[in-house]
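Residue numbers begin at 1 in each chain, while the letters A, B, ... track the order of the sequences.
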Amino acid sequence: MFERTPDISDVLERFDEGSEVVIRGWIHRVFKVGGKVFAWVRDHSGFIQVVFDKSGLSTEWESVERLSRESSVEVKGSVRVDERAPGGKEIIATELVVYGYSPPFPIKGGEDVEYLLNVRHLWLRSRQMIALLKIKHTVIQALKDWLLKDGWWETTPPILTGSAVEGGATLFEVKYFDKAAYLSQSAQLYLEVLIFPLNRVWALTPSFRAEKSRTRRHLSEYWHLEVEAAWYDIDDMMGVAEGLVSHAVAKTIEERSNELKLLNRDVTKLESALHPPYPRVTYDEALEILARKGFSIKWGEDYGADEEKALTEEFDKPFFVTHFPKRIKAFYMKEDPKRPEVVLGFDLLAPEGYGEVIGGSQREDDYEKLYNRVLMEGLDPKDYEWYLDLRKYGSVPHSGFGLGIERLVMWIAGIEHIRDAVPFPRWRERIYP
RNA sequence: GCCGGGGUAGCUCAGCGGUUAGAGCGCCGGGCUGUUAACCCGGUGGUCGGGGGUUCGAAUCCUCCCCCCGGCGCCA
């Protein structure tokens with residue numbers, strides 16, 4: 001059994017000069033100068049310099065000289081305050097245990113994207129990736145906290161499904177005994193079922209899209225936070241989105257300031273997101289803004305990536321686009337009773353060019369209308385019988401949305417590419433490691 | 001799927017028709033009483049993505065294929 005040792009951050013923050021400590025971690029960098037060896041040791045919490053000097057060291061010197069980057073070690077020694085040490089404190093080693101030496105580490109700095117992706121399993125030890133892993137943790141916890149405090153039920157919808165939610169072309173097909181099944185691309189339809197027993201529900205699940213996308217904002221596998229609630233209209237649901245996003249930003253700024261700093265995130269650009277409400281523009285108004293900026297889109301067409309980016313430059317905080325033409329949106333979105341050509345759908349776009357983070361809507365709750373939309377979409381109502389049943393047995397007005405965790409992390413952390421918001425990114429050409 | 005860029009040493013790249021393909025970093029050896037991407041000296045390092053072709057001669061030109069990166073559509 002291993003006795004627990006203090007985190008390196010604890011040693012830096014709470015241990016005084018002369019304290020005897022034992023730490024465990026990995027060698028981040030090693031300098032052999034004169035008769036001494038300086039090693040920076042890393043654990044999940046931080047880095048500290050360890051100084052090895054022949055005098056006072058009970059371990060044979062050869063073990064120290066063999067130390068290399070990423071060797072795993074346990075060091076016993078005493079704390080010394082010294083301004084020459086990074087962080088202002090170091091450990092003068094009295095004993096060294098090496099759990100595993102490391103051959104020359106394949107990452108030295110300056111490698112290109114492809115190389116780093118191929119050694120992703122090792123690159124995750126880098127400071128940037130550690131910071132991103134922690135930021136993602138905090139974002140997820142913040143989202144869960146908000147929902148828990150607001151009284152929502154966490155549920156576990158299936159990942160293996162028998163039918164599609166959106167278009168069929170983007171599904172991953174898997175063998176399911178002697179039939180075909182699909183990896184879920186959204187839990188929405190199942191969450192709609194679960195509001196009947198539980199009123200307000202959410203789930204955090206992986207979603208899968210077999211799109212052949214090659215962009216900085218798409219993954220084949222991503223983490224999807226979906227919420228669904230009875231007796232919530234589109235405005236209520238946008239309020240939920242504002243609550244979740246502003247809380248996630250607040251928590252991250254509060255708890256991950258070191259990590260944001262390491263990533264050079266300009267936190268002042270996030271501050272406006274702390275204060276909902278977020279601006280709301282309709283699709284029609286978005287088209288007007290775009291027209292002013294020189295983009296001409298016919299009513300009824302969707303806007304593309306360039307247009308979306310241009311739109312995000314108009315706002316300094318996240319904002320909603322609402323009331324899209326029915327024909328460009330999914331069949332389950334409720335049509336606006338005042339304007340049947342549009343639906344009660346909304347997107348939440350992050351500023352600074354980051355774009356869509358959330359897509360949601362009020363759902364069609366009328367049996368006949370939904371049935372017809374299924375038909376119009378060219379779908380087989382038989383596949384959606386259970387879904388249509390929800391509009392038969394005590395139908396209720398309800399709304400929901402899906403939030404892309406990596407999209408949110410990407411914007412909050414201010415990173416260029418979505419692949420770094422997930423430890424093991426997957427897209428068409430990438431399944432290793 | 002479409003458009004663009006790329007594949008030369010372990011890594012990042014230069015070389016773009018002419019001897020035996022180079023540099024920096026790394027790595028190995030040596031030196032240095034405090035390093036912060038250490039420094040100094042010496043050494044090591046290559047089927048030039050793969051096949052076919054043109055040529056006296058190909059990393060270099062042509063052709064097919066493979067792989068990767070960026071962008072578009074789609075979306076979270």
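Considering only the side chain of A:H218, B:rA76 comes nearest among B:rA76, B:rC68, B:rU12. Closest to the side chain of A:E429, from the set B:rC11, B:rC69, B:rG73, is B:rC69.
Between A:Y222 and A:H224, the ring-plane angle classifies as tilted under the 30° and 60° cut-offs.
Within the 6.0 Å centre-distance limit, the rings of A:Y384 and A:F331 are counted as a close aromatic pair. Taking the six-membered ring wherever Trp is involved, the centroid distance between the rings of A:W386 and A:Y190 falls below 6.0 Å. Annotation: A:Y432 is not in aromatic contact with A:W427 [ring centroid separation under 6.0 Å not met].
Under the Watson-Crick and G-U wobble criteria, each requiring two contacts below 3.5 Å, nucleotide B:rG43 is paired to B:rC27.
For the OP1/OP2 pair of B:rG70 and a distance below 4.0 Å, the side-chain nitrogens and oxygens of A:R419 include at least one atom meeting the criterion. Proximity of A:R214 to the phosphate of B:rC69: a side-chain N or O atom is located under 4.0 Å from OP1 or OP2.
Using a 4.5 Å heavy-atom threshold, the side chains of A:L124 and A:R120 count as touching.
Using a 4.0 Å heavy-atom criterion, one finds that A:E221 contacts no nucleic acid atom at all. A:R69 comes within 4.0 angstrom of no nucleic acid atom, judged by non-hydrogen atoms across all strands. Residue A:W223 is out of contact with every strand shown, counting any heavy-atom pair closer than 4.0 Å. Counting any heavy atom pair closer than 4.0 Å across all strands shown, A:D347 reaches no nucleic acid atom. Residue-level contact check: A:W411 touches neither bases nor backbone, having no heavy atom under 4.0 Å from any strand. At the heavy-atom level, A:L225 lies nowhere under 4.0 Å from the strands shown. Within the 4.0 angstrom heavy-atom criterion, base atoms lie near A:K36.
In this structure, A:F31 does not count as stacked on the base of B:rU35 under the 5.5 Å centre distance and 30° plane angle limits. Stacking between A:Y222 and B:rA76 is present: the aromatic ring centre lies within less than 5.5 angstrom of the base six-membered ring centre, and the two planes differ by under 30 degrees.
Interface remark: the A:Q49 side chain does not form any donor-acceptor pair with the B:rU36 base, using a distance-only criterion of under 3.5 Å. At a cut-off of 3.5 angstrom, the base of B:rC74 holds no donor-acceptor pair with the side chain of A:R217.
Distance noted for atom C1' between B:rC67 and B:rG49: 7 Å (whole Å). Rounded to a whole angstrom, the distance from the P atom of B:rC41 to that of B:rC66 is 48 Å.
Remark on RNA chain B: of its neighbouring residues A:H417 and A:F105, the 5'-side contact belongs to A:F105, judged by nearest-heavy-atom nucleotide.
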